[in-house]
Number of protein chains: 2
Amino acid sequence: MEADLYARDCGSRQVLDRIGDRWSVLVVLTLASGTKRYGELAQRIEGVSQKMLTQTLRGLERDGLVTRAAHATVPPRVDYALTALGRSLLDLLSGLESWATTHLGEVEAARARYDTR
Amino acid sequence: MEADLYARDCGSRQVLDRIGDRWSVLVVLTLASGTKRYGELAQRIEGVSQKMLTQTLRGLERDGLVTRAAHATVPPRVDYALTALGRSLLDLLSGLESWATTHLGEVEAARARYDTR
DNA sequence: CTGTATCCGTAGAGATACTG
DNA sequence: CAGTATCTCTACGGATACAG
């Protein structure tokens, strides 16, 4: 079976959807520097709601990109970390991150030009 | 001014949003092989509605990633192409494409594992 | 601390019909 | 051919409250 990104029902589209997910990228990038607790992620990623963070983490865990380790302590503690698969995605995502920051100015300029004509 | 991807109101988040957009990625990748007409894009990208394709193209044009050239012929003809900025994104996106297709199997396996426990 | 459950408003996506 | 306009619908995301 061939993986055709352009085909409607190809699973590679779903993979792209996860990458494209707004919070997934930020979560994976945050985990680049090592294991993080739930609260650390929530604090670092500004603007993410509890619901969305949990939902995103579940999705990443389901896709095998992130591991979840719950410790039965009081208070509870849950550690999230990247899997090997998750780390394999890291280079690409940090490339995206640096593209976004370095070309931000050009994009904003283009928008200003577009909006004023 | 610093570009912090994790800051709520930083423009780099909006840039990431565009990259993350489902159809934008597919459109840019389709334009990788050169100028395409509206209809060619619609045909190549399976499942995209007319509305979404137009909307995506407008967004990409606004952000300076794509040019739009309308010819006043009968029937009309509109050519879309990548700008230099758009091409600068291409390597990253094709990296994403190949990651998606090569790791599709692992992701699907992880999902199956997650869903059956 | 790390979640789950519920309600609710709005943006987004599809379908359809129409136009230069 | 390449759109625009309008309608409908749902499903995403935020807020809030509660629980283990």
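Just so it is clear: chains get the letters A, B, ... in the order the sequence lines come, proteins before strands, and each one is counted from 1.
- Under the side chain to side chain donor-acceptor pair (under 3.5 Å) criterion, A/S33 pairs with A/K36, not counting sequence neighbours.
- Applying the side chain to side chain donor-acceptor pair (under 3.5 Å) test to B/Q14 and every residue at least two apart in sequence or in another chain returns A/R111.
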Could you list the donor-acceptor pairs under 3.5 angstrom formed by side chains in residues 68-76 of chain B, with sequence neighbours left out?
| unit_1 | atom_1 | unit_2 | atom_2 | d |
| --- | --- | --- | --- | --- |
| B/R68 | NE | B/Y80 | OH | 3.3 |
| B/H71 | NE2 | B/D79 | OD2 | 3.0 |
| B/T73 | OG1 | B/P75 | O | 2.9 |

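- Of all the heavy atoms in A/A112 and A/T116, the pair that sits closest is O-OG1, 3.0 Å.
- The salt bridge (charged side-chain N to carboxylate O under 4.0 Å, His left out) test applied to B/R18 returns B/D63, not counting sequence neighbours.
- Interface limits on DNA chain D: the 5'-most and 3'-most nucleotides within less than 4.0 Å of chain A heavy atoms are D/dG13 to D/dG20.
- Contact annotation: the side chain of B/L89 never approaches that of B/L82 to less than 4.5 Å [non-hydrogen atoms, C-beta and beyond].
- The nearest pair of heavy atoms linking A/L26 to B/R13 is CD1-NE, 3.4 Å.
- More than 12 non-hydrogen atoms from other residues, nucleotides or ligands lie less than 6.0 angstrom from CD of B/E40.
- A/R77 has no side-chain polar atom (N or O) that falls below the 4.0 Å cut-off from OP1 or OP2 of C/dT2.
- Residues satisfying the side-chain contact (heavy atoms from CB on, under 4.5 Å) test with A/A81, not counting sequence neighbours, are A/T35, A/T67.
- Within residues 58-74 of chain A, no residue approaches DNA chain D, by heavy-atom distance under 4.0 Å.
- For A/K36 and C/dT2, the NZ to C1' distance is 18 Å, given to the nearest whole Å.
- A ring pair (Phe, Tyr, Trp, His ring centres under 6.0 Å) check over residues 89-110 of chain A, counting only residues at least two apart or in different chains, returns the pairs A/W99-A/H103.
- Side chains of B/W23 and B/Q55 form no contact here, defined as non-hydrogen atoms less than 4.5 Å apart.
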**Prompt:** For every nucleotide of nucleotides 13-20 of chain C, 5' to 3': is a protein heavy atom under 4.0 Å from its base (B), only from its sugar-phosphate (S), or from neither (-)?
**Reply:** BBB-B--B

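- Rounded to 10 degrees, the angle separating the terminal axes of the helix from C/dC1-D/dG20 to C/dG20-D/dC1 is 50°, with each axis obtained from five end pairs.
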Contacts under 3.5 angstrom, residues 44-53 of chain A side chains, donor-acceptor by atom type, not counting sequence neighbours:
| unit_1 | atom_1 | unit_2 | atom_2 | d |
| --- | --- | --- | --- | --- |
| A/S49 | OG | A/M52 | N | 3.2 |

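- For A/Y38, the side chain to side chain donor-acceptor pair (under 3.5 Å) partners are A/T54, not counting sequence neighbours.
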